Structure formats: C-alpha cells, structure tokens
Amino acid sequence: MSNEAITNAQSWWRDAVIYQVYPRSFADSSGDGLGDLPGVTGKLEYLQELGVDAVWLSPFYRSPQADAGYDVADYRDIDPIFGSLADFDAMLAKAHTLGLRVIVDLVPNHTSDEHAWFVEAVAAGPGSPERARYMFRDGKGQHGELPPNNWQSIFGGPAWTRLVDPSGNPEQWYLHLFDTKQPDLNWENPEVRAEMESVLRFWLDRGVDGFRVDVAHGMIKAEGLPDWSGAAAMVQGDSAADDSDADNAAATEAAQIPAPEPSPFFDQDGVHEIYRAWHQLLEEYDGDRMMVAEAWVEPAERLARYVRPDEMQQAFNFDFLLAGWDAVRMRDAIDSSLAADAAVGAPSTWVLSNHDTVRHTTRFGLKDPTLFPKGIAADDEQPDEALGLRRGRAAAAIELALPGSAYLYQGDELGLPEHTSLPAAVRQDPAFFRTHGVERGRDGCRVPLPWVAAEPGYGFSHGAAEHRAPWLPQPESFAHYAADQQLGVAGSTVEFYRAALALRNRHHLGLGTLHWNAETDEARGVLSFNNNGVTVLANFGTVPMELPAGATVILSSAGPATGFSGDTLAPDTAVWLLR
C-alpha cells in the first residue's frame, strides 16, 4: 500500500503526536503473558480514538531478548514471541487504513552476539574480514590480559569482554557499550554501512513511515579508541549509588573534580555523515518518511546538529524530559530547545516518559520532583502517587500545547505510575544485574498495561482459553487505572488526553509559535504562554493563583470540574484558556 494513501500534507511529522508502543507490554493476543503484534493490531482503534497521529514500535525483531529486543539477531524478521512478518504487514495495513503512520525502532550501534555476523566473526579469528565488522582489539599487558582501554558499559562494568578460543585460550577483546551480548558494530567498515542501508530499504519497501534510531549518537568512536577521563566518574557514580546516604557526599566530591573531556564513543562528528546518507535514501520513497534520533546530547545546539535539513527530521528532547516539575528548569528547556531547533529549521520534539525512564507521574511525586532515578525499588523513597499524577497531567497540558511534535509513552494517557516495588526475583533489565542491583533498572516502567480491571492480568492477555500471568507482575493499583475504568468517564486521565489532543488539532498548536505571557514568573512558580490564540497557564506554586479576567477555560489538567474554582487555579495544575 502506498503511503500516499494517508498523506494529506508534506512534513506530517512536524506537528505529529506519536504514541510509543512497547510491544511485549501493550497487549497479548495469544495468552502467553507477552504482548505481540496481533495484540497491537487489536488496539489500533483505541489509539485512533485517542487522537494520536502515529505509532512508534519498540523492537520486535528476532532476538534472544537479552535486552528486551535491543539485541537484534536478524533485522529482517519478526521474533516468534511477537508473531510473524505477515502479522506485521497486517498491523501496518490496518494502521494505514485508520490514518495512523507507523515508525519502527532501528538498532544500528550494535547487534546481538547471536547475529550471524558475530557468530562468523568469532569463528573466523583475528584479522579476518568477519571480525572487521565489529570492534575487536588485542588487549594490553604482557599477554593481552588487560582490556584495550578503560571504557565502561552504560549498563555497568567494563565495556570490553575477552573471547576464549575452542581450546580454552584467551584471545581478542570485543567492545560492547551496553551488555556483553550486544557487541558494537564497526561503522568505519563500508560493509556495515551497506548492510544497514539495506535494512532500511527492507522496512521502507514494506511501507513503514519512519525510524526511531537507537543510540543515534553512538556508532562512530574516536580514532585510536583512547582512554577517557569520564570512565572513572562512571564507575564512581555506580559505586556511590549503593546507598542513598552517599549521594550528597558523592555530589560534593564530584563538584571538586574537573569536568571530563567529551566522550570518545558518543556524539562524534562522523555520525552526521551516516545520517546525511540515510536522509537521501529516505527521499527516494513517497509519503515523506522520517527519522527521529535517540541522542543523549547536550547542549541543545549540539543536539540540533542531528536535525539539520539534510539529516534527521526529529530528535527527542531529553532536556525537557529531565527538567522535572520545576518552572525554571522547564522554561529553560523550552527556550533553549526552540531556539536551537529554529536555527536549523527543525521542529522541537517533546517527551516526558519512555521505556528507559521512570514514568514522569512517579518522578513528579518524589520529594524532589526534578530527580531522575535509574529505577525505584521498595526500599527507596516511595512517591506521592496522587501528587505525581496531578503534576503529570499538568505537564502533559504544557507538552501538548507546545509547537512541534510530541511523543506519548504507552500508559501516559492512563496516568500509569511506575511499579516501584518489583522484587529482585522478577526483574529482567540487564542494567540491574550488571550493577548488582545498584541501578534498579527499567522494568518498573515496562509493566504490562491494564485494559480491564475485573479480568486476570487486568485484561492484558486475551484470545485464549487460559492465560499465563503477564511477564512482569502488575501492582494492585493498576485496577484503578485500567482503560475500561476511564473511557467515557468525565475527568479521567484518558478523557483529559483525548480532549487535549482534539483541541491541539483544532487550534493547530503543533504548527504555532510560542510567546511567553506577562503572567510568567518562574520565581513564583507561574508559567504562561500563548500559542495560536490558546493561553496555557500552569501553577507550579503552593497556593491558588488568579486566572486572567474574562478568560474561558477550554481544558483543565485536573478535570472538567476541578483544578480551578471561579477565578483561581489550584497548585500543580494547568489550564488552556481563550481570552
């Protein structure tokens, strides 16, 4: 099916609201406890009625699932736990029929160690063309017993693992910036570049509308793979996290240490050559295909280089995600992002949560709502769930009124909190194991969605006579958040999101221009801006604030009958006004 069938205007992505589906936790059609592609297909009408423009699917490729599919063994096939290529095609066709575009995850920095290429590389031996596709190096020391450099894995521990030959003799080391089962590709190798372009074409030919590029700031490493002064800080940070009492001491000590030199394995200039080539490739296809970068890069001007006119179309705005519930930090993130993106003619792309972060409704309920914990466990500070939800809805009212594109993580529209008391025995995130539990990991935000409160697993599994329990246990509180408890219920979170998305579309807020209003006073916790005739007013303070005289409230983050009383706005809420 041609993408032109659902294209009403070019550059659809400039103001699109895109919904992230984490397939294993979205909907299970087979009853095995894992979400799958037919499960996604069965919920597409729900997403259409929510009012989103596109769906982004986290990895569904064939994989041993060491990192929940971000360890890809075959980029051109569907893992059987999710279904088949026929299931994917059916899902894509239905999405397009409903007017929804589909973006798929691409993982170009590394493969699985079970990918055919890596298996061949291990068998072929040092110096072979097969090994040249990856980052193999001889070790240091008299017998090569030391890793090639001091780089540390993002998931904890060394970033190098040494191979052992069939006779039991140690030999070369390979680089893995993440888990040991995720060896980094060598992007200086033309064969690697050609292969990934072929993968792009495979999915574009099937009709996908774009790609979310995982670790988009990776791939190219500094020449010579030099040691990095920041590696010691990574190790120190991991060890300091062993107990919360060490946080302040570690922060004080870190403040006395000079800032490390730029990372030799992230945000190297060479990545931009790759994206310029991919941009040209996408332009060969109809339907205005797009790419969005997952690039943890700062400052905003540096991130904007990824969305120059001949590179990607979008980059996730992690400054906005990291700002937390704080008026000063949020305005700074908005201003810097809009300015940097405008300088290259790109839209800003706003996001509050995703599959790698503690849900924003939970973060905003912590004593310090600007914290960014790497997971939460039962013996950590527990959030104020009601306060976090109230602030989370207000933040969504801000996000969805900003010019540009917005991303929602599955369950945002339900107001889902993080599962903050998962026992260690059920956790599956490799970051949890590689840091020996110091990092609680990302499992808490990946718990399967609740659809029907009265059903086992809250309706996550359906279509089979007997169902296995969901792959991660759901907290009892999820019954309250289940979709069937909210749809059609005035004031519910899902109805708030549906109303916000309808108003955003009606007033063309994604294509508007932001102007800060006179009411804005970050010191008092007041943010107010105008966009295409809609005024957004957010109260970050502790006391009610007056609404502008003569204004008409068209949306309240707290519901149709709460959050404002007469002429005042309660703390931790936001409204959209016409005046």
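What you see is a predicted model, and the numbers here were worked out from it, not measured in a lab. These numbers come from the heavy atoms of this one structure, side chains and all, not from hydrogens, waters or symmetry mates. Here, residue 1 is the first one in the sequence, and each next residue gets the next number.
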From [X] [atom1] over to [Y] [atom2], what is the distance, rounded to the nearest 0.5 angstrom?
X      : Y      : atom1 : atom2 : result
Leu352 : Thr357 : CG    : OG1   : 9.0 Å
Glu399 : Leu408 : CD    : CG    : 6.0 Å
Trp12  : Met290 : CH2   : CE    : 5.0 Å
Ile103 : Phe211 : CD1   : CZ    : 10.0 Å
Asp332 : Asp319 : CG    : CG    : 10.0 Å
Tyr407 : Asn317 : OH    : CG    : 12.0 Å

Can the ring centroids of [X] and [Y] be said to lie less than 6.0 angstrom from one another?
X      : Y      : answer
Trp296 : Phe316 : no
Phe540 : Trp325 : yes
His217 : Phe265 : no

Under 3.5 Å: donor-acceptor pair, side chain of [X], backbone of [Y]:
X      : Y      : result
Tyr409 : Cys445 : yes
Asp384 : Gly365 : no
Ser492 : Val489 : yes
Asp209 : Val102 : yes

Pro473: partners by side chain to side chain contact (heavy atoms under 4.5 Å, CB included), with sequence neighbours left out | Leu422, Val426

With Arg440 as the cation and Phe432 as the aromatic partner, state whether NZ or CZ is under 6.0 Å from the six-membered ring centre and within 45° of the axis.
-> no

Do any pairs count as a salt bridge (charged side-chain N to carboxylate O under 4.0 Å, His left out) and have a residue in residues 534-548, sequence neighbours left out, and if so which ones?
-> none

Pairs meeting criterion side chain to side chain donor-acceptor pair (under 3.5 Å) with involvement of residues 507-519, two or more places apart = Asp335-Trp516, Asn517-Ser528, Glu519-Arg579

Could you check if a side-chain atom of Asp412 sits within less than 4.5 angstrom of a side-chain atom of His360, using non-hydrogen atoms only?
-> yes

Which of parallel (below 30°), tilted (30 to 60°) and perpendicular (above 60°) describes Tyr46 and Trp451?
-> perpendicular

